[in-house]
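For reference, the structure discussed in these notes is given below.
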Amino acid sequence: MEDGKVKKNSIGQPKEIFASCDFSSLGLHPALCDQLRDRMGYQAPTLVQAQAIPVILSGRHVLVNAATGTGKTVTYLAPIIHQLQKCDPRIERSDGTFALVLVPTHELCMQVYENLQKLLHRFHWIVPGYIMGGENRSKEKARLRKGISILVATPGRLLDHLKHTASFVHKNLRWIIFDEADRILELGFGKEIEEILDILGSKGKDTEVVRQNLLLSATLNEKVNHLANISLEDPVMIGLDEKKIQPSNKQTTSLISDAIERLENSGKVSVASNEEYNLPAQLNQRYVKVPCGSRLVVLLSILKNLFTGEPSQKIVVFFSTCDAVDFHHALLSQFHGLSNSQTETENKHLFVQCNILRLHGNMKHEDRVKTFNSFKTEKSALLLSTDVSARGLDFPKVRCIIQYDSPGEATEYVHRVGRTARLGEKGDSLLFLQPIEVDYLQELQKHGVMLTEYPLLKLLDGFPLHGLNLKHHHHVKKFVSVEMHPWVVSLQRSLESFIFKEGKMKKLGQNAFCSWVRAYSAHRGELKSIFMVKKLHLGHVARSFGLKEQPSLVGRSVQKKHTEKRKREEKTKTQKRGGLDLKKKRKTLTDYD
Ligand SMILES: Nc1ncnc2c1ncn2[C@@H]1O[C@H](COP(=O)(O)OP(=O)(O)OP(=O)(O)O)[C@@H](O)[C@H]1O
């Protein structure tokens with residue numbers, strides 16, 4: 001076992017990440033084990049790999065539930081490669097696809113494909129490939145025609161090819177893998193998945209080739225339960241402990257249902273809401289309580305502090321909408337700092353000095369690919385993102401996750417923070433909450449997630465106050481409220497005048513304000529009582545986007561533009577377009593591919 005790779009669980013006992021065996025003892029082919037060790041640098045399997053690989057090799061359907069960053073990708077890829085490499089005669093491209101890996105997003109598709117390429121280095125006759133939304137269909141068709149042995153795909157594009165690419169051979173399909181299964185369904189791909197399973201044969205019962213389906217997720221919910229029920233035949237459950245599932249005489253596929261039934265019977269509204277999540281124990285989780293109107297200043301101050309303390313590091317900030325990502329990206333890329341304290345040298349630098357990247361589902365596919373690759377390879381960068389980055393993405397050495405907008409469902413919290421503290425490494429997470437939202441902490445506690453408070457005033461006191469216009473703040477050190485802190489007041493003023501002067505910034509801020517309020521009102525179920533739009537002070541929300549205008553003005557001007565636009569559209573009799581705009585707006589909130 002490697003040093004530093006033993007983490008502690010919540011009660012302080014050591015919790016191991018790696019198993020004390022090697023890959024060859026799991027039954028994998030020696031060349032594959034060499035590949036894992038020499039090319040990938042894996043000395044030993046992780047616990048989940050040690051548990052699941054022999055079971056997958058046995059041919060059983062499997063449901064794997066393991067913490068984020070514990071090596072689930074290799075868990076399913078290695079046994080498939082092992083089985084394919086031993087086929088005699090060797091498999092050929094003309095045999096078509098043997099294994100299909102379904103993933104929710106473009107980025108995860110590329111990541112799994114990259115892992116596959118590395119693992120297949122010594123097995124050149126097994127061909128990896130991917131198909132996903134945004135790529136060129138005809139090129140994909142040509143690749144499918146040539147034959148892809150292990151295919152990674154997003155559901156929409158896969159269905160498209162299943163229906164329209166006659167040369168796509170899948171009669172030999174032996175494996176269907178659902179990676180980040182719950183996310184696939186949350187993104188609204190349920191119908192596509194059912195259609196795919198209809199075309200391919202859901203559990204492989206009616207197919208000529210014996211089918212093995214695998215489902216992997218770091219969190220479980222009723223959606224995964226549904227998918228498990230329709231796709232897995234008598235599966236082995238890995239990583240599901242007694243707390244989550246009690247033994248049952250029924251078929252194993254209904255085990256999650258049993259747990260859900262028990263919760264439903266005990267009067268809980270939200271199914272499976274009391275499950276404890278597997279979080280990396282070495283993850284340092286904190287929350288920061290910030291009044292709405294000071295959110296922007298606090299975010300910038302925390303980022304400045306982090307990058308000043310450690311200029312070379314990677315941080316991800318999560319936002320609820322694409323518009324918010326665009327606004328903050330533009331702001332951080334242009335804002336130089338306090339207008340009344342800038343010296344010549346300060347003026348030359350950005351307020352937060354780092355390489356700033358953005359990622360969301362409304363970006364062009366090529367731009368997403370570019371961001372994904374550069375955040376992977378950069379040693380130091382700040383990634384501003386929607387939840388499109390929350391699942392499965394394995395960016396090396398991310399030091400800190402900031403959830404500037406609340407994630408809503410606790411599962412989403414788990415996946416977001418899971419982008420750091422991977423495989424036993426250190427990591428920090430910080431959740432922004434307004435004072436009116438602190439009940440969210442109890443929601444997280446229900447799942448065993450405990451956060452400590454971030455010392456915000458201490459941070460604010462640490463910023464230099466010289467040069468600030470302190471006419472009204474004689475007793476600087478006596479300020480105890482965040483809103484009245486001279487640093488906050490002064491930075492807010494500078495931000496507002498910067499945004500006011502820059503027409504483009506103002507527009508981005510207004511768009512971000514509107515979509516933020518829409519996203520806030522879209523919280524589901526029980527969370528609505530925590531994130532209540534009517535409790536928001538919209539004037540303060542506007543300030544959090546650096547807008548001087550009152551929200552009604554912001555709302556009216558945007559509304560006015562929308563009305564004008566609608567009128568124009570009606571005039572040109574393109575009523576259909578109104579529907580498209582609405583669809584686009586929804587996409588801004590849900591951010592799917
Ligand atoms: N046995 C191993 N030894 C060392 N590193 C490993 C091993 N297995 C996987 N890894 C590395 O650990 C990291 C996390 O792996 P992976 O992305 O598969 O995790 P995951 O469990 O799927 O996470 P998530 O739930 O976030 O999707 C990757 O960088 C991977 O290369």
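As the structure lists them, so they are numbered: ligands from 1, and atoms in each ligand from 1.
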Close-contact set for ligand 1 against [X] heavy atoms, below 4.0 Å:
X	value
T70	19 (O), 20 (P), 21 (O)
A44	1 (N), 2 (C), 3 (N)
R422	14 (C), 16 (P), 17 (O), 19 (O), 20 (P), 23 (O), 24 (P), 26 (O)
R419	26 (O)
A67	21 (O)
F23	1 (N)
T73	16 (P), 17 (O), 18 (O), 22 (O)
E180	24 (P), 25 (O), 27 (O)

Parallel, tilted or perpendicular: rings of H328 and F319 (30°, 60°): parallel
Validation row, ring centre F168 to ring centre H170 under 6.0 Å: yes
Is there at least one pair of N or O atoms, one from [X] and one from ligand 1, spaced under 3.5 Å apart?
X	result
Q43	no
G41	no
K72	yes
G69	yes

Electrostatic pair [X]:[Y] at N-O distance under 4.0 angstrom:
X	Y	value
D179	K72	no
K370	D367	no
D394	R419	no

Q285 and Y413: side chain donor to acceptor below 3.5 Å: yes
Residue pair E378, N355: steps toward the side-chain hydrogen bond (donor to acceptor under 3.5 Å, both in side chains) verdict: CA-CA 9 Å; E378 290 288 347; N355 175 14; 3.2 Å; yes
Location of contacts on H415 toward ligand 1, heavy atoms closer than 4.0 Å: neither
Lys/Arg cation over aromatic F375: K314, 6.0 Å, 45° cone: yes
Side chain to side chain contact (heavy atoms under 4.5 Å, CB included) evaluation trace for W125 with I91: CA-CA 7 Å; W125 63 98; I91 64 163; 4.0 Å; yes
